[in-house]
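Bear in mind that the values here come from a model prediction, so they are computed numbers and not experimental data.
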Amino acid sequence: MNEAEAFQGGIAALQAGRGAEARDLFAAAVAAGNASPRLNLGLALANLGLGDTPAAEQAIDQVLTEEPHNLRALIIKGDLLIGRNDPQNATAHYNLVLRLAATLAEVPAPLAKELSRIESAIQQLGAAFQQHLLDRLAAAGYRRE
């Protein structure tokens with residue numbers, strides 16, 4: 001099975017809710033030497049759906065090695081970093097997504113929804129970091145007033 005067939009079959013399996021089948025199709029194609037960013041992205045999505053976060057992150061890292069400005073991969077990587085409580089690196093990935101998206105002539109609707117979610121996440125992460133700093137300062141005797 002070539003890269004295009006594996007991708008189409010994997011996407012069809014994902015859309016039909018057959019995550020294990022999708023993972024197997026993507027993984028077999030990658031193992032057979034047909035690796036591509038889109039196959040690895042599909043593999044990451046299948047692994048996420050199956051709850052295999054380490055395998056998903058490994059596949060996303062491979063996508064970003066080949067395509068460091070892949071918006072979908074950057075979003076997933078940011079989400080994975082949030083999931084493992086690494087807000088600083090997650091924010092860096094999310095900010096890169098926003099900067100890259102700002103250069104697009106037209107933003108597709110699904111991406112616009114993700115961008116809105118990311119902007120909210122960045123605001124929440126910033127507020128949490130600010131509160132953390134204020135708490136640390138207060139513990140050290142700093143009085144805001």
Side-chain angles (χ1 to χ4, degrees), residues 3 6-7 9-145:
E3 189 268 351
F7 180 75
I11 292 299
L14 275 177
Q15 290 173 338
R18 299 186 315 267
E21 179 185 335
R23 179 201 55 215
D24 293 346
L25 283 167
F26 292 130
V30 168
N34 293 322
S36 69
R38 72 182 189 160
L39 280 177
N40 277 308
L41 185 58
L43 181 58
L45 291 171
N47 281 316
L48 281 172
L50 295 169
D52 189 347
T53 304
E57 188 160 14
Q58 183 179 16
I60 282 299
D61 288 345
Q62 191 60 43
V63 173
L64 291 172
T65 296
E66 296 179 46
E67 293 182 351
H69 294 150
N70 183 307
L71 291 175
R72 185 70 181 134
L74 287 165
I75 291 168
I76 293 170
K77 181 66 177 193
D79 293 345
L80 289 167
L81 290 165
I82 288 290
R84 69 170 194 236
N85 198 25
D86 187 352
Q88 184 176 10
N89 284 316
T91 300
H93 281 80
Y94 288 160
N95 279 323
L96 179 55
V97 168
L98 294 177
R99 285 194 309 272
L100 291 170
T103 68
L104 298 176
E106 189 174 325
V107 177
L111 179 60
K113 185 176 178 180
E114 287 290 294
L115 295 176
S116 177
R117 180 183 65 83
I118 288 169
E119 288 172 341
S120 294
I122 289 172
Q123 289 174 354
Q124 291 173 354
L125 291 168
F129 182 66
Q130 181 180 12
Q131 188 59 52
H132 168 75
L133 290 177
L134 290 173
D135 291 347
R136 296 287 305 260
L137 288 169
Y142 171 78
R143 293 183 167 278
R144 194 168 190 175
E145 58 279 341

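Distance check, rounded to the nearest 0.5 Å: CG of L134 to CZ of F129 gives 10.5 Å. Rounded to the nearest 0.5 Å, atoms CG (L81) and CG (D86) are 5.0 Å apart. The CD1 atom of I118 sits 6.0 Å away from the CG atom of L98 when rounded to the nearest 0.5 Å. Distance CG/L111 to CD1/I75: 5.5 Å, rounded to 0.5 Å. With values rounded to the nearest 0.5 angstrom, L64 atom CG is found 10.0 Å from E57 atom CD. If you take CG on D135 and NE2 on H132, they are separated by 8.0 Å, rounding to the nearest 0.5 Å.
I60 places a side-chain heavy atom less than 4.5 Å from the side chain of L41. Side-chain contact between K77 and D61 is present, with heavy atoms from C-beta onward closer than 4.5 Å. Taking the side chain as every heavy atom from C-beta outward, R117 and D79 approach each other to under 4.5 Å. Taking 4.5 Å as the limit, every side-chain heavy atom of R72 sits out of range of all side-chain heavy atoms of V63.
Scanning all heavy atoms of the two residues, the minimum distance from G10 to A22 falls at O-CB, 3.4 Å. Nearest heavy-atom pair across A101 and L71 is N-CD2, 4.3 Å. Residues N40 and A35 come closest through the heavy atom pair ND2-CB, 4.2 Å. Residues F26 and L14 share a closest heavy-atom pair of CE1-CD1, 4.0 Å. Between H93 and N89 the shortest heavy-atom distance is ND1-O, 2.9 Å. Residues G78 and A90 come closest through the heavy atom pair O-CB, 3.5 Å.
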May I have the step-by-step check of side-chain contact (heavy atoms from CB on, under 4.5 Å) for L80 and R84, ending in yes or no? CA-CA 6 Å; L80 289 167; R84 69 170 194 236; 5.8 Å; no
Determine, stepwise, if the pair L96 / R99 fulfils side-chain contact (heavy atoms from CB on, under 4.5 Å). CA-CA 5 Å; L96 179 55; R99 285 194 309 272; 3.6 Å; yes
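The backbone N or O of L100 lies less than 3.5 Å from a partner atom in the side chain of T103, making a donor-acceptor pair.
A 6.0 Å sphere centred on CD of E66 holds more than 12 heavy atoms belonging to other residues, nucleotides or ligands. Within a 6.0 Å radius of CD in Q131, other residues, nucleotides and ligands contribute more than 12 heavy atoms.
Exactly one of I82, L74, L115 qualifies for a side chain to side chain contact (heavy atoms under 4.5 Å, CB included) with Y94. That residue is I82.
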